[in-house]
Student: 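Handing you this structure, nothing more for now.
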There are 2 protein chains.
Amino acid sequence: MSDLLERLRSRGWRLTSQRRVVAEVLDGDHVHLTADEVHARAAERLPEISRATVYNTLGELVTLGEVLEVATDGRAKRYDPNAHQPHQHLVCSACGTIRDVRPTGDPLAALPAAERFGFDVATAEVTYRGLCPDCA
Amino acid sequence: MSDLLERLRSRGWRLTSQRRVVAEVLDGDHVHLTADEVHARAAERLPEISRATVYNTLGELVTLGEVLEVATDGRAKRYDPNAHQPHQHLVCSACGTIRDVRPTGDPLAALPAAERFGFDVATAEVTYRGLCPDCA
DNA sequence: TCCTAAGATAGACCCAGTCTAAGTCAAGAA
DNA sequence: TTCTTGACTTAGACTGGGTCTATCTTAGGA
């Protein structure tokens, strides 16, 4: 995580205590927090941090390519710090738990030219849905 | 489309003018309207139809399996009447246009058992993103 | 240490969607 | 054909997630 802060600083990111706390909250594997959850956890360490700052910081991290935005349900977006390793998501239809997964092959390759309608196709996101062991 | 109304009636669906208009608005290929767009088009034919009724009717059509809910951006959900033919979506990153596409193979097959974390995986949704011919 | 533009803040605001209480009506019964 | 009733519709209040704005604070260079 200090790698992340180091990378950001070297890109001219002004380092504030708020930004540091948000970045720290997003550390770990299979982390997919909503903005409100990030805010709550950040506020444990820095009680006066505002919602707007959390949204701003998350938005910047997404723009910088350090964090992915994931919208697996119609509800709040989730933020995934695992941005440097290509992966897809497996979501429990009952409890909403999310796991990062790596399918075999490139999902982009499954779309033949005839099905591209002249689009310049760049990415493919796959969301697998099912019941997790706890909910099954 | 009258097939649809017939199917619904035979399932005990009470047929009202509002429901008929909503179902008619959703007819066609590559149709992916938001609830507000459905409401606007329905209101052209039935000016006093309410937003709540449109939401209720769309929700019922989704529950009955006649319409799919699609959330390709973080904004409003879209409703896709092409529910009886399995397909995925190709979205323009610039203008948001959506096309139904059929990739080769079954995306579910690409997720090995070792990557399923004990989940009972049921479906895979793929969203392809890129620039459409008009925006490229 | 000082300065200043970048960043943070509170809270108003917006949009998509849900809920509620009251009124309306489709369709089966008589 | 009319009656009846519970399913359906309505307006509008409300909620959750997110954005915007005006003002205040501060990181970090001079």
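Proteins get letters first, then strands, A, B, ... in listed order; numbering begins at 1 in each.
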Student: Tell me if the side-chain of B/R75 makes a donor-acceptor pair with the base of C/dC15, cut-off 3.5 Å, by modelled atom types.
Tutor: no
Student: Once you round it to whole Å, what is the distance between P of C/dA27 and CZ of B/R14?
Tutor: 7 Å
Student: Select from B/D36 and A/V54 the residue whose nearest nucleotide in DNA chain C is closer to the 5' end of that strand.
Tutor: A/V54
Student: Just call it for A/A76: base, sugar-phosphate, or nothing, with non-hydrogen atoms closer than 4.0 Å on any strand.
Tutor: sugar-phosphate
Student: Between the base of C/dG17 and the side chain of B/R51, is there a donor and acceptor pair under 3.5 angstrom?
Tutor: yes
Student: Roughly how many Å is it from CZ in B/R19 to P in D/dT9, rounded to a whole number?
Tutor: 5 Å
Student: Check the pair B/E69 / B/R78 against salt bridge (charged side-chain N to carboxylate O under 4.0 Å, His left out), numbers first and verdict last.
Tutor: CA-CA 6 Å; B/E69 230 174 37; B/R78 293 179 175 273; over 6 Å; no
Student: Rounding to an integer number of Å, can you tell me how far B/W13 CH2 sits from C/dA26 C1'?
Tutor: 13 Å
Student: Is there a side-chain polar atom (N or O) of B/T16 under 4.0 Å from OP1 or OP2 of D/dT9?
Tutor: yes
Student: If we check side-chain hydrogen bond (donor to acceptor under 3.5 Å, both in side chains) with A/D100, which of these qualifies: A/H32, A/Q88, A/H30?
Tutor: A/H32
Student: Whole angstrom is fine here: how far is it from CZ in A/R78 over to C1' in D/dG18?
Tutor: 15 Å
Student: Considering just the side-chain nitrogens and oxygens of B/S50, establish if one lies under 4.0 Å of OP1 or OP2 belonging to D/dT9.
Tutor: no
Student: Would you call A/R19 and A/E24 a salt bridge, using N to O less than 4.0 angstrom?
Tutor: no
